[in-house]
Amino acid sequence: MLTKAKKPHLPLGDHQTAPWYGKDILSVKQFNRADLEYIFGVAHEMRIMVERIGTFDLLKGKILANIFYEPSTRTASSFMAAMERLGGAVIPISEVKYSSVAKGESLPDTVRTLGCYADVIVLRHPEVGSAALAAQYAGKPVINAGDGVGEHPTQALLDTFTIREELGRLDNLTVTMLGDLKYGRTVHSLARLLTQFNGIRLNCVSPKILRMPRDVLDEVAEKGIPQKEHTLLDKVLPETDVLYVTRVQRERFEDAAVYEKVKNAFIITPDVMKAAKKEMIVMHPLPRITEISMDFDNDPRAAYFRQMEYGLYVRMALLAMVLGKA
Ligand code: ASP
């Protein structure tokens, strides 16, 4: 999984020995607890710096190629903002139809090309394993920004950072994942990452046809995390510390009629949330469609908009790390 470190340009005297310098970020499986504490520490410093001075020159002269073969609002723009807040520049390729991809260029050739111009590549692609493939060909570190229904590691890092900043801990928590657990890549990454913490209990609540994939359940079970699957939220909501809501991923369904049947399976409203603790948070990777009613947005437990802001700090930390500056 871990590809060998690459060498983005670094002026002499810079931190060639920084632990994440030149590394790809492809899966949450790469991180142990100490790595996570390190990332959260850097992200926390980034937050303080942004709040104090907004933009600073840590990555001045560095270039990010931001390549998105699938739609994105938060991931694409937060990586761009992260690079610019660190004083770097961005090559944005969000409309691959305007690039040579539209002429039939392969992913390896595209990333090989961008690797010549940029110091780091962020890639979102509809196929599982695409980031790992890109990492084999790009001469620069590749950060997986979502590979189909596979993983979304930077989202899981920002999700865990959110829990830490909001609840002050990552141990001894009951986490309930709700919605489309089959196609939602963020929950695949988050469930795996949560195995690094102590005293986690996991509830997976979904319609039967959108259950968490077997391999993720098995990996979580192997790490000794107690987990239960449910089709109803009622039973587990009162014990939940983190309710992680996901949208039903319409674009991944082969049959539109099946999507129609399950699209409104769960809707979080102020009324539903009466049964939940006062001290807990509701998260969502966004975009939200109908699964959380807008009436709930002003509840202090609604953490999903704060969550997307934390994403900026985590992505700033990751860029600084792979470019040898943290
Ligand atoms: N933005 C997240 C993702 O790219 C969640 C979603 O699309 O539902 O996976």
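All values reported here derive from a predicted model rather than from experimental measurement. One-based numbering, in listed order, for ligands and for the atoms of each.
- Side-chain contact annotation: E166 with Y310, donor-acceptor N/O pair under 3.5 Å present.
- Judged by distance alone, the side chains of R124 and T75 do bring a donor and an acceptor atom under 3.5 Å apart.
- Each of K182, K29, R192 was evaluated against D215; a single residue qualifies, R192, per the salt bridge (charged side-chain N to carboxylate O under 4.0 Å, His left out) test.
- Here the heavy atom of the protein found nearest to atom 9 (O) of ligand 1 is R185 NE, 2.9 Å.
- Contacts with ligand 1 closer than 4.0 Å are made by no heavy atom of E70, backbone or side chain.
- Among the candidates V282, T246, I268, the single residue satisfying the side-chain contact (heavy atoms from CB on, under 4.5 Å) test with L178 is I268.
- Only the backbone of L286 comes within contact range of ligand 1, with a heavy atom under 4.0 Å; no side-chain atom does.
- With respect to the salt-bridge test (charged N to carboxylate O, under 4.0 angstrom), the residues R169 and D171 do not qualify.
- With ligand atoms numbered from 1 in the order given, ligand 1 contributes 3 (C), 4 (O), 9 (O) to contacts under 4.0 Å with heavy atoms of H152.
- Listed by number with element, the atoms of ligand 1 under 4.0 Å from a non-hydrogen atom of Q249 are 6 (C), 7 (O), 8 (O).
- When each atom of ligand 1 is checked for a heavy atom of R247 under 4.0 Å away, the hits are 6 (C), 7 (O), 8 (O).
- Ligand 1 is never approached by S72 to a heavy-atom distance shorter than 4.0 Å.
- Ligand 1 lies within reach of R124, whose nearest heavy atom is under 4.0 Å from it.
- Side-chain N/O atoms of Y244 and T186 include a donor and acceptor closer than 3.5 Å.
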